[in-house]
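The chains referred to below are lettered A, B, ... by the order of the sequence lines, with proteins before strands, and numbering in each begins at 1.
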Amino acid sequence: MASARYWLMKSEPESYSIDDLKRDGKTHWDGVRNYQARNFMRDDMQVGDLVLFYHSNAEPPGVAGIAQVSKKAYPDFSAFDPKDKHYDPKSSKANPTWMMVDLEFVEKFLRLVSLQELRDHPKLGTLLVLKRAQRLSIQPVEKAHFEIIRKMGKKG
DNA sequence: GCCAACGTTGGC
DNA sequence: GCCAACGTTGGC
């Protein structure tokens, strides 16, 4: 079995925050409509992979906590529902275009680790989320970077 | 609210 | 297959 991977996944806290995940315990990550992000979920995510839960479009934006992949990729049923915001008529049940994974809550950081703090950290230079206009909603993260950010979130 | 950057669409 | 137009993301 390949070793666990680490990820960063963005969510707008107004639609789904780390507190929502804490309340729910787990959730399905529906609504991803970007091929690169889908491929990460479909091809690379394994049960047990750890995820930095990132609040985007927030004040301030940053990493709010940690989640864990609890179910491998399966068809995103929100694409089949004409009433759903993320409905995609090109995706059929017989041949689904879009996939999702399930995430379960692991921990909420003692404090939000802001995007600015990530930028200021000397060892996080290649972290993808720091790149200008990096819009990808699911990004791979190096283990060393994951550990640094987790530690930042555990300090007051 | 602005707008740069980027992915997708569709005309040719 | 090119590329302009368009829609979306997301920091500021």
Handout entry: 5′-ward residue of the pair A/Lys90/A/Ala133 relative to DNA chain B
Key = A/Ala133

Just how far, in rounded Å, is [atom2] of [N] from [atom1] of [X]?
X: A/Glu12; N: C/dG11; atom1: CD; atom2: P; answer: 9 Å
X: A/Leu8; N: C/dG10; atom1: CG; atom2: P; answer: 10 Å
X: A/His55; N: C/dT9; atom1: NE2; atom2: P; answer: 17 Å
X: A/Gln134; N: C/dG10; atom1: CD; atom2: C1'; answer: 11 Å
X: A/Lys131; N: C/dG11; atom1: NZ; atom2: P; answer: 15 Å
X: A/Met9; N: C/dT9; atom1: CE; atom2: C1'; answer: 16 Å
X: A/Leu118; N: C/dG11; atom1: CG; atom2: P; answer: 11 Å
X: A/Arg33; N: B/dT9; atom1: CZ; atom2: C1'; answer: 17 Å

Under 4.0 Å from OP1 or OP2 of [N]: is there any side-chain N or O of [X] that close?
X: A/Arg132; N: B/dA5; answer: yes
X: A/Lys10; N: C/dG10; answer: yes
X: A/Tyr35; N: B/dC6; answer: no
X: A/Arg119; N: C/dC12; answer: yes

Exercise for the section: Dump the intermediate steps for ring pair (Phe, Tyr, Trp, His ring centres under 6.0 Å) on A/Tyr54 and A/Trp7, then the final yes or no. Expected result: CA-CA 10 Å; A/Tyr54 181 89; A/Trp7 306 93; over 10 Å; no

Handout entry: Validation row, ring centre A/Trp29 to ring centre A/Phe53 under 6.0 Å
Key = yes

Practice task
Please check if the distance between the ring centroids of A/Trp98 and A/Tyr35 is under 6.0 Å.
Solution key: yes

Problem - Aromatic plane relationship, A/Tyr6 with A/Phe146 - under 30° parallel, 30 to 60° tilted, over 60° perpendicular - result: tilted

Exercise for the section: Would you mind checking if A/Asp76 and A/Arg33 are paired as a salt bridge, meaning a charged N to carboxylate O distance below 4.0 Å? Expected result: yes

Exercise for the section: Check every strand shown and say whether A/Lys85 touches a base, only sugar-phosphate, or nothing at a heavy-atom separation below 4.0 Å. Expected result: nothing

